Amino acid sequence: MIYVVAGLILVGTITVLNLLLTFAVIRRLRANAAATASGSGSDFTGAVPAAGERPDTFVARDLDGAVLDDEANPATLVGFFSTGCEACVEQLPTFVRHAADSPGGRARTVAVVQGDETQADSFLRELTPVARVVLESGSSPVSTAFRIGAFPSWVLLDTDGAVRDSGVGLDRLPRTIAA
């Protein structure tokens, strides 16, 4: 009889512990859902340059062979993608649509893709008609100059070449500045 009582006490204790852990998990899930809904779920502070900052000096060539540098790209939208980034693949059509509809079109839109050419093929195929594309494999002078720490991200340069706006993720892409 003592074993039955001990067993019931053990089962009761485990059940109460399980119930407490379940409530803790539910509370954590609700807190995460609320943080995600309010936009504070991920902190990307410092992952892109802040407004007013300038990119460091860089020189790169786009796929057409044209030289891009830190002084020759005023009022330009620059998008940054990585071939190993699932969010980049998912959000690429958003950037392509935005670039196609932006004032200045391809001349005022740059897309920087990190990865080797075989992995970047689908990115290059979609981006080339709407943006000047820089493929960075190995060294990454443009991403380094802009201090990019997350993908996908974007930077809008004003007519003086300073950062006007920037962001991680493509949910709030801006219109480029009229020339």
Side-chain angles (χ1 to χ4, degrees), residues 35-115 119-120 122-137 139-179:
T36 303
S38 69
S40 63
S42 298
D43 182 14
F44 290 107
T45 304
V48 292
E53 293 182 3
R54 291 186 176 281
D56 295 335
T57 302
F58 70 90
V59 176
R61 289 195 179 275
D62 66 15
L63 295 180
D64 297 330
V67 174
L68 301 172
D69 62 34
D70 55 303
E71 295 181 9
N73 299 300
T76 300
L77 175 63
V78 186
F80 295 90
F81 301 91
S82 174
T83 57
C85 165
E86 192 173 315
C88 295
V89 174
E90 292 171 3
Q91 295 184 25
L92 183 62
T94 302
F95 185 84
V96 169
R97 277 191 310 276
H98 184 81
D101 295 339
S102 290
R106 188 175 193 273
R108 305 251 311 273
T109 306
V110 174
V112 179
V113 179
Q114 284 193 351
Q119 293 175 324
S122 63
F123 285 89
L124 303 180
R125 207 174 28 255
E126 289 191 50
L127 289 167
T128 300
V130 297
R132 295 175 291 166
V133 180
V134 175
L135 179 61
E136 294 185 329
S137 55
S139 68
S140 51
V142 182
S143 296
T144 301
F146 280 89
R147 298 173 295 285
I148 299 301
F151 297 98
S153 45
W154 55 270
V155 175
L156 178 63
L157 300 174
D158 65 18
T159 53
D160 296 327
V163 174
R164 178 175 180 178
D165 198 4
S166 61
V168 175
L170 305 178
D171 55 343
R172 62 172 198 91
L173 280 169
R175 289 282 174 218
T176 55
I177 306 164

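No experiment lies behind these values; they were computed from the predicted model shown.
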Closest approach of F95 and L77, non-hydrogen atoms and distance? CE1-CD2, 4.1 Å

Counting only pairs under 3.5 Å, give me each side-chain donor-acceptor contact of residues 87-94, with atom names and distances, residues two or more places apart or in other chains.
| residue | atom | partner | partner atom | Å |
| --- | --- | --- | --- | --- |
| Q91 | OE1 | L170 | N | 2.7 |

Could you tell me which non-hydrogen atom of T109 sits nearest to which non-hydrogen atom of A99, and how far apart they are? CG2-CB, 3.8 Å

Could you tell me the separation between the CZ atom of F80 and the SG atom of C85, rounded to the nearest 0.5 Å? 13.5 Å

Do F146 and L157 have side chains that approach each other closer than 4.5 Å (heavy atoms only, starting at C-beta)? yes

Set of residues satisfying ring-ring contact (aromatic ring centres under 6.0 Å, His included) with respect to F123, sequence neighbours excluded: none

In Å, rounded to the nearest 0.5 Å, how long is the span from CZ of R97 to CD of E126? 10.0 Å

Return the CZ to OG distance between F58 and S143, rounded to the nearest 0.5 Å. 10.0 Å

What's the shortest heavy-atom distance between V48 and I148, and which atoms? CG1-CD1, 4.1 Å

My understanding is that only one of V112, V113, T144 makes a side chain to side chain contact (heavy atoms under 4.5 Å, CB included) with E136; could you say which? V112

L135 and G115 have their tightest heavy-atom pair at CD1-O, 3.2 Å

Exactly one candidate in V59, V134, V78 meets side chain to side chain contact (heavy atoms under 4.5 Å, CB included) with L68; the answer is V134

Under 3.5 Å, is there a donor-acceptor pair between the side chain of W154 and the main chain of G169? yes

Nearest heavy atoms of P49 and S166, plus distance in Å: O-OG, 2.5 Å

Can you sort out the partners of R147 under side-chain hydrogen bond (donor to acceptor under 3.5 Å, both in side chains), two or more places apart, ordered by chain and number? E53, D56

Separation between CZ (R54) and CG (D158), nearest 0.5 Å, reads 7.0 Å

Would the distance check show the side chain of R132 and the main-chain N or O of R61 forming a donor-acceptor pair, the cut-off being under 3.5 Å? no

Do D62 side-chain atoms and D64 backbone N/O form a donor-acceptor pair below 3.5 Å? yes

Specify the closest pair of heavy atoms between G52 and A162, including all atoms of both residues, with the distance to one decimal. O-CB, 4.1 Å

